[in-house]
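Everything below concerns the one structure shown next.
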Amino acid sequence: MSFKNDKAIYLQMAERLCDDILAGKYKSDERIPSVREYAVMLEVNTNTAVKAYDELSREGIIYNRRGLGYFVASDAAERIHGHRREAFFKEMLPDVFRQMTLLGIDIEEIEERWIKSKEVKK
């Protein structure tokens, strides 16, 4: 996995694991790779993988069964969607609105393009 410089590696690793959960690679209450396995898979230091797993555990996305490893929480997909929606509204949308203002784009134009993009997908 290649990492970007704009975000800590452990956060990028956590995001990737979340992507895998959303994609159905790991299902509710299913075991995920051990910290060591995940570190080897992504070619990173084990301590970095530990930080990623700790972060996901704090967020309630994964949980640890002592002696058995880490598992996907039953409501992991909902939690991930919730976290990502909140981040979108707090971090990305304000910049989108700022750019819209600077470029003179109104919400009606955005809505038109949104509708067209949905028609193309059909």
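Side chains are part of it too, since the values below use all heavy atoms of this structure and drop only hydrogens, waters and symmetry mates.
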Could you identify which residues cluster with [X], counting Ile, Leu, Val, Met, Phe, Trp and Tyr as linked when any side-chain heavy atoms lie under 4.5 Å apart, either directly or through a chain of such contacts?
| X | value |
| --- | --- |
| Tyr10 | Leu11 |
| Leu68 | Tyr63, Phe71 |
| Val96 | Phe88, Phe89, Met92, Leu93, Phe97, Met100, Leu103, Ile105, Ile107, Ile110 |

Which pair of non-hydrogen atoms, one from [X] and one from [Y], has the smallest distance, and what is that distance?
| X | Y | answer |
| --- | --- | --- |
| Tyr26 | Leu17 | CE1-CD1, 3.7 Å |
| Ser74 | Ser28 | O-OG, 3.1 Å |
| Thr48 | Ile9 | CG2-CG2, 3.7 Å |
| Ala73 | Gly60 | CB-O, 3.2 Å |

Does the side chain of [X] reach to within under 4.5 Å of the side chain of [Y], using non-hydrogen atoms?
| X | Y | result |
| --- | --- | --- |
| Ser57 | Asn64 | no |
| Val72 | Ile61 | no |
| Glu15 | Lys7 | yes |
| Glu55 | Arg58 | yes |
| Arg16 | Tyr38 | yes |

Can you confirm whether [X] is buried at [atom1], in the sense that more than 12 heavy atoms of other residues, nucleotides or ligands lie under 6.0 Å from that atom?
| X | atom1 | value |
| --- | --- | --- |
| Arg36 | CZ | no |
| Arg85 | CZ | no |
| Asp6 | CG | yes |
| His81 | NE2 | no |

(request) Determine which pairs satisfy side chain to side chain donor-acceptor pair (under 3.5 Å) with at least one residue from residues 91-105, sequence neighbours left out, and list them in order. (result)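 Output for this query lists Asp95-Arg98.
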(request) Please list, chain by chain and in numerical order, all residues satisfying side chain to side chain donor-acceptor pair (under 3.5 Å) with Asp75, sequence neighbours excluded. (result)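 Applying side chain to side chain donor-acceptor pair (under 3.5 Å) to Asp75 gives Arg79.
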With rounding to the nearest 0.5 Å, note down the distance linking [atom1] in [X] to [atom2] in [Y].
| X | Y | atom1 | atom2 | value |
| --- | --- | --- | --- | --- |
| Lys51 | Asn45 | NZ | CG | 10.0 Å |
| Glu37 | Tyr70 | CD | OH | 13.0 Å |
| Glu59 | Asp54 | CD | CG | 11.5 Å |
| Gln12 | Leu42 | CD | CG | 10.5 Å |

(request) May I ask whether Ile32 and Val40 are part of the same hydrophobic cluster, defined by side-chain heavy atoms of I, L, V, M, F, W, Y residues being less than 4.5 angstrom apart, directly or through others? (result)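 Looking at the clustering, Val40 is in a separate group from Ile32.
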(request) Could you please spell out the steps behind the side-chain contact (heavy atoms from CB on, under 4.5 Å) verdict for Phe3 and Met13? (result) CA-CA 9 Å; Phe3 297 100; Met13 292 174 65; 3.8 Å; yes
(request) List for me each residue that meets salt bridge (Lys or Arg N to Asp or Glu O under 4.0 Å) alongside Asp19, sequence neighbours excluded, and say none if there are none. (result)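 Scan of Asp19 (salt bridge (Lys or Arg N to Asp or Glu O under 4.0 Å), adjacent residues dropped) gives Arg84.
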